Engineer: 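Could you have a look at this structure, given as structure tokens, before my questions?
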2 protein chains.
Amino acid sequence: MDRAIDKVRDALQARGLRLTKPRRLVAEKVLSARRHLAADDVLEMLRRDGTPVARATVYRTLEMMKECGTFDEHDFGRGRKVYERAIGRPHHDHLYCIGCGAIIEFQEPEIERLQDQVTRRYHFIAMYHSHKIFGYCRRCGPKAPSGDKAHDEPPRHQDTKND
Amino acid sequence: MDRAIDKVRDALQARGLRLTKPRRLVAEKVLSARRHLAADDVLEMLRRDGTPVARATVYRTLEMMKECGTFDEHDFGRGRKVYERAIGRPHHDHLYCIGCGAIIEFQEPEIERLQDQVTRRYHFIAMYHSHKIFGYCRRCGPKAPSGDKAHDEPPRHQDTKND
DNA sequence: TTGATACTGAGACTCAGTCTCAATACGAAC
DNA sequence: GTTCGTATTGAGACTGAGTCTCAGTATCAA
Ligand SMILES: [Mn+2]
Ligand SMILES: [Mn+2]
Ligand SMILES: [Zn+2]
Ligand SMILES: [Zn+2]
């Protein structure tokens with residue numbers, strides 16, 4: 001079950017950091033989320049649970065866990081960073097729907113291989129990368145989905161709580 | 001020579017927008033820059049030239065030219081967006097040195113092709129993408145280049161005015 | 001000219017993220 | 001378990017890139 005939280009603890013302890021209660025609460029939210037979470041999402045979820053954690057602590061913790069390699073951080077250009085668990089799952093990159101905000105994950109080993117090739121070409125030591133493709137998911141289609149009225153409320157599909 | 005500025009004018013006019021003097025000044029800076037420029041860079045260059053343009057206008061213009069497809073916008077996670085000319089040159093992606101801030105451009109048609117393949121796989125209509133690889137350039141090497149003292153002023157190579 | 005419209009500049013404003021610092025929790029050592 | 005030094009937290013002030021507002025100005029057509 002929650003072996004994941006132990007991995008988190010280990011990663012912290014390896015750097016002389018402790019898994020305190022606030023940190024555990026934040027970590028659990030991200031670990032169990034089925035979508036990419038922003039700091040504000042975590043903040044509000046914890047508030048609703050009756051286990052509030054200070055804003056600064058949430059930000060600090062997310063940053064810290066990214067540094068420890070247990071979370072991945074992404075910026076889809078929406079003005080806030082989002083996080084997802086990184087431990088216990090394979091690397092992937094993202095498609096981002098500019099119509100509804102849906103995030104689709106993909107893996108393409110061939111691209112990863114070519115990236116290595118590119119970095120070698122420039123004698124570059126790659127540490128991490130960010131590969132995002134922006135466009136319209138199958139439900140949003142190539143153009144504004146609604147007819148004429150430029151009302152453009154982003155459509156809400158079931159799995160579209162992403163950002 | 002500056003056929004480029006005519007292309008800019010055309011792209012604007014195609015959308016019923018005018019190439020005013022402030023817009024031309026901003027455009028010329030980006031068109032002639034040999035590096036990626038942030039809004040503040042443009043602002044200050046124009047100020048120094050004795051042809052100041054208001055901050056809001058610079059931001060508006062950069063955004064506008066991105067929308068028109070004449071500039072490309074990138075966010076390398078340094079808290080400010082940077083721009084470069086897009087017209088009259090082929091698409092490329094970037095390596096970003098987290099040691100010195102150098103930006104290396106690369107093209108890899110095979111990756112572009114595989115991206116198309118990925119988007120088809122998900123019935124996704126790609127509009128644009130962002131592919132960045134972060135790490136250390138050949139001059140910065142795999143670790144902090146300086147010895148023990150964690151003074152860590154980012155090293156300054158000649159072409160490192162990038163950001 | 002006149003009027004309609006696009007654009008600019010100055011500065012107020014926003015808001016995600018950071019910083020400060022006093023209060024608190026914790027872990028190690030008595 | 002008491003004591004002490006250090007790590008952490010919470011509350012709120014602060015930062016700064018980018019946006020918004022709006023009155024004044026330029027541009028164009030009739
Ligand atoms: Mn993901
Ligand atoms: Mn470039
Ligand atoms: Zn990848
Ligand atoms: Zn590309």
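Chain identifiers are assigned alphabetically (A, B, ...) following the order of the sequence lines, protein sequences preceding nucleic acid strands; residue numbering begins at 1 within each chain. Quantities reported herein were computed from a predicted structural model and do not represent experimental measurements.
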Engineer: Has the side chain of A:R60 got a donor or acceptor atom sitting under 3.5 Å from an opposite partner on the base of D:dG10?
Structural biologist: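 By the distance-only test, yes, there is a pair.
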
Engineer: Starting at atom CD of A:E67, determine the distance to atom P of C:dG17, rounded to an integer number of angstrom.
Structural biologist: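 To the nearest whole Å, that distance equals 15 Å.
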
Engineer: Classify A:K81 by what it touches in the nucleic acid, base, sugar-phosphate, or nothing, heavy-atom distance under 4.0 Å.
Structural biologist: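 The answer is sugar-phosphate, as A:K81 gets under 4.0 Å only of primed atoms, P, OP1 or OP2.
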
Engineer: Find the distance A:D41:CG to C:dC15:P and express it as a whole number of Å.
Structural biologist: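 About 16 Å, once rounded to whole Å.
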
Engineer: Whole-Å distance between D:dT27 P and B:L19 CG?
Structural biologist: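 After rounding, the gap between these two atoms is 12 Å.
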
Engineer: Can you check the B:R15 CZ to C:dC7 C1' distance for me, whole Å?
Structural biologist: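 Rounded to the whole Å, the gap is 18 Å.
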
Engineer: What integer distance in Å separates A:L12:CG from D:dT8:C1'?
Structural biologist: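 Answer to the nearest Å: 13 Å.
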
Engineer: Kindly state whether the ring of A:H131 and the ring of A:H94 have centres lying under 6.0 angstrom apart.
Structural biologist: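 For A:H131 and A:H94, the ring centres are not under 6.0 Å apart.
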
Engineer: Return the nearest nucleotide to the side chain of A:Y59; candidates are D:dG18, C:dT18, C:dG9.
Structural biologist: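 Output: C:dT18.
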
Engineer: When you match A:G79 and B:G16 each to their closest nucleotide on DNA chain C, which lands nearer the 5' end?
Structural biologist: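 Result: B:G16.
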
Engineer: Which of the following nucleotides, D:dT9, C:dG17, D:dT21, is nearest to the side chain of A:R80?
Structural biologist: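 Looking only at side-chain atoms, A:R80 lies closest to C:dG17.
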
Engineer: Mind checking ring-ring contact (aromatic ring centres under 6.0 Å, His included) for A:F134 and listing every partner two or more places apart, or none if nothing turns up?
Structural biologist: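 Expected list: A:Y96, B:Y128.
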
Engineer: Could you check how far CE of B:M64 sits from C1' of D:dG18, rounded to whole Å?
Structural biologist: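 About 16 Å, once rounded to whole Å.
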
Engineer: Can you figure out which of D:dT9, C:dT18, D:dG18 approaches the side chain of A:T20 most closely?
Structural biologist: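 Among the listed nucleotides, the one closest to the side chain of A:T20 is D:dT9.
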
Engineer: Looking only at the side chain of B:R18 (C-beta and beyond, no hydrogens), which of the listed nucleotides C:dG9, C:dA6, D:dG18 gets closest?
Structural biologist: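 Among the listed nucleotides, the one closest to the side chain of B:R18 is C:dA6.
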
Engineer: Hey, does B:R23 reach any base, or is it just sugar-phosphate, or nothing, if we go heavy atoms under 4.0 Å?
Structural biologist: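 It contacts sugar-phosphate atoms only.
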
Engineer: Check whether the side chains of B:H91 and B:Q107 place a donor and an acceptor atom closer than 3.5 Å, and report yes or no.
Structural biologist: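 Distance-only check fails for B:H91 and B:Q107.
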
Engineer: Where the side chain of A:V53 is defined as all heavy atoms beyond and including C-beta, which of D:dT19, D:dG10, C:dG17 is the nearest nucleotide?
Structural biologist: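 Of the candidates, D:dG10 comes closest.
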
Engineer: Once hydrogens and angles are ignored, does a donor-acceptor distance under 3.5 Å link the base of C:dG11 to the side chain of B:R55?
Structural biologist: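 Per atom types, no contact qualifies.
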
Engineer: Report yes if a side-chain nitrogen or oxygen of A:T57 is closer than 4.0 Å to either non-bridging phosphate oxygen (OP1 or OP2) of D:dG10; otherwise report no.
Structural biologist: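 The answer is yes; a side-chain N or O of A:T57 sits under 4.0 Å from OP1 or OP2.
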
Engineer: Give a yes or no on whether a salt bridge exists between A:R89 and A:E105, defined as a side-chain N under 4.0 angstrom from a carboxylate O.
Structural biologist: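 So A:R89 pairs with A:E105 through a salt bridge.
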
Engineer: Between B:D6 and B:R3, is there a side-chain N and carboxylate O pair less than 4.0 Å apart?
Structural biologist: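 Salt bridge: yes.
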
Engineer: Can you tell me the distance, in whole Å, between the CG atom of B:L17 and the P atom of D:dC28?
Structural biologist: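 To the nearest whole Å, that distance equals 14 Å.
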
